[in-house]
2 protein chains.
Amino acid sequence: MDAKHPVRTTEKTLALVEELMDRGPCGVTELADGLEMGKSAVHNHLTTLQKHGYVLKTGDEYQLGLKFLEVGGSTRKSMEFYQVAEPEVKSLANETGELANLLVEEQGMGVYLMRSKGEEAVDLDTYAGLRTHLHTTALGKAILAHLPESRVEEIIERRGLERKTPRSVGSREELFEALEGVRDRGYAIDDGERLEGLRCIAAPVKDSSDEVLGAISVSAPASRVSDEDLHGKLPERVLSAANVVELNINY
Amino acid sequence: MDAKHPVRTTEKTLALVEELMDRGPCGVTELADGLEMGKSAVHNHLTTLQKHGYVLKTGDEYQLGLKFLEVGGSTRKSMEFYQVAEPEVKSLANETGELANLLVEEQGMGVYLMRSKGEEAVDLDTYAGLRTHLHTTALGKAILAHLPESRVEEIIERRGLERKTPRSVGSREELFEALEGVRDRGYAIDDGERLEGLRCIAAPVKDSSDEVLGAISVSAPASRVSDEDLHGKLPERVLSAANVVELNINY
DNA sequence: ATTTTTCGTTCTGCCATCCAGAACACTTAA
DNA sequence: TTAAGTGTTCTGGATGGCAGAACGAAAAAT
């Protein structure tokens, strides 16, 4: 359902924030051109955001401030799922030495809640807060596999099935087949679909009434994950982490 | 400098966000009462924010969404200081087994960029994005000690010197005396000022032109920090971490 | 040096639009 | 049934957002 009476002024402010996020620090004129707004309007919005800490001015340039991190950090902290899962994801990273991730679904997209790097972890350009299409990652597929089919259809409808790389899922049939496999195995795999040479294993976390709360994963370069590990020790470790979270979430 | 022509509508939206952050999930009426706005106005703002992912509706309640984390996370990721310091703070936490933190100054307040928990770390209720008055923590004092005196005066003027606990800094004289000590030693100490039984050591990070970028700290219970450690091994380790960051930041 | 361009900022007045208040649909409680 | 609560929709009149013009300063071009 969408807004019947959207507040246009607020939408302009939000567009400005997004533009500032994409462009990084920049001046009034550049923003006004990009947004097709008058300079004075942009200036008024910027100074208003600055007054409240959402925007900073350094010299003649404006940029986003850390107030967003405050609001976002506070939101994340208030999520029980994050509180419980966070230490488990850290252990997972430390014990495997690889990159461990935590993802939840929001409005049909996957949102990374955190990532934790082990000793030898690859450095992907994911970060807390980053959004991805659910069908493009092992984490996302682990979640989709345990949502009601109607929700999955809704999400496909709303967010599409764009193919990120030639090897990735790109059609309704491929996706449902993949999700079937995830349910059978209990975990999801991404073998170079998102990034050549990168293997990911993800397991869903469900609450006591069987609803998915999110997913936990480990990402590692193919060179360190043998074919046996891919269906042996590694999923076992990820599933175990997911299980601990499930046990702790309802006491 | 503050806004000459503030966008009032945007300010209402921001007030709504802050209210939602303080109250957590709640209904339209409750927000309208708290903000002294009409229900329809609140509703319009909420649906607008929802449309853009900043707010979620579950049943009859509204709450903040993870879009703020996306913007905040992206802002943090774009900071060179964070990129360079992050691995060092993690090592510091792992090697000491305690809680390590990273703070920067923004608009006269301290903002935690991250925290990393070692094996035995205490669990303070700090989180990435949290703001604190600079004079109340070792991290903040490490930063204040290396800002120009005029900036410090400005910050005191703007943010005050409220005493958080009886033992903490609470006057201009106490503060400047403390900052003098920080400059002499090279690091700042909080011995139970913020929280009874908690000891913190913080070191500033400066760039090549001697400007403070932020501060790094370790927090540990007094029971695990002997009086010798407090002025011996621990500061040494924190200073070394700060030094590594300084070396890496300018190549 | 002088001119020209480009920047951020300020001002004004018209017209878009925000929002109080009332009415509505629905759920829960008495 | 009634009553009190909720979120949502609608309307019109006062509010206030913003295009456009003007300004001062700084940088670039002549």
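The model shown is predicted, which means the values in this text are computed figures rather than measured ones. We name chains A, B, ... by the order of the sequence lines, and we start the count at 1 in each one.
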Tell me the interatomic distance from L35(A), atom CG, to dA19(D), atom C1', rounded to whole angstroms. 15 Å
Atom pair distance, as rounded to whole Å: CG in L46(A) and C1' in dG17(D): 15 Å
Got E18(B) and K67(A) here, is their nearest side-chain heavy-atom distance under 4.5 Å? yes
Has Y62(B) got a side-chain N or O lying under 4.0 Å from the OP1 or OP2 atom of dT6(D)? no
When you look at CD of E177(B), are more than 12 heavy atoms from neighbouring residues, nucleotides or ligands closer to it than 6.0 Å? no
Runs of at least three consecutive Watson-Crick or G-U pairs, both distances under 3.5 Å, are what I'm after; which ones involve DNA chain D? C:3-6 with D:25-28, C:8-30 with D:1-23
Mind calculating the distance between NZ (K4(B)) and P (dG8(C)) to the nearest angstrom? 17 Å
Among D190(A), L139(A), N101(A), T137(A), which residue satisfies the side chain to side chain contact (heavy atoms under 4.5 Å, CB included) criterion with C200(A)? D190(A)
Hey, what are the protein-to-nucleotides 13-20 of chain C N/O distances that come in under 3.5 Å?
{"unit_1": "dC18(C)", "atom_1": "OP1", "unit_2": "R8(A)", "atom_2": "N", "d": "3.4"}
{"unit_1": "dC18(C)", "atom_1": "OP1", "unit_2": "T9(A)", "atom_2": "N", "d": "3.2"}
{"unit_1": "dC18(C)", "atom_1": "OP1", "unit_2": "T9(A)", "atom_2": "OG1", "d": "3.1"}
{"unit_1": "dC18(C)", "atom_1": "OP2", "unit_2": "P6(A)", "atom_2": "O", "d": "3.3"}
{"unit_1": "dC18(C)", "atom_1": "OP2", "unit_2": "R8(A)", "atom_2": "N", "d": "2.9"}
{"unit_1": "dC19(C)", "atom_1": "OP1", "unit_2": "K12(B)", "atom_2": "NZ", "d": "2.9"}
{"unit_1": "dC19(C)", "atom_1": "OP2", "unit_2": "H45(B)", "atom_2": "NE2", "d": "2.9"}
{"unit_1": "dA20(C)", "atom_1": "OP2", "unit_2": "G38(B)", "atom_2": "N", "d": "2.8"}
{"unit_1": "dA20(C)", "atom_1": "N7", "unit_2": "S40(B)", "atom_2": "OG", "d": "2.9"}

Can the ring centres of Y112(A) and Y127(A) be said to be less than 6.0 Å apart? no
Donor-acceptor pair between T13(B) and T10(A) side chains, under 3.5 angstrom: yes
Just the rounded figure in Å: distance from P of dG17(D) to CG of L16(A). 15 Å
Heavy-atom nearest pair, L64(B) first then T75(A), reads O-CG2, 3.6 Å
May I ask you to test the V245(B)-V89(B) pair for a side-chain heavy-atom distance under 4.5 Å? no
For D60(A) and dA27(D), give me the distance from atom CG to atom P, rounded to whole Å. 9 Å
Find out whether Y62(A) and H43(A) are in side-chain contact, i.e. whether some heavy atom of one side chain is under 4.5 Å from a heavy atom of the other. yes
Counting heavy atoms from C-beta on, name the nucleotide in dT10(C), dT9(C), dG7(D) closest to the side chain of K57(A). dT9(C)
Within the 4.5 Å heavy-atom criterion, are D123(A) and R115(A) side-chain neighbours or not? yes
Between H43(B) and dT8(D), does any side-chain N or O lie under 4.0 Å from OP1 or OP2? yes
If I take atom CD in residue E30(B) and atom C1' in nucleotide dG5(D), what distance separates them, rounded to the nearest angstrom? 14 Å
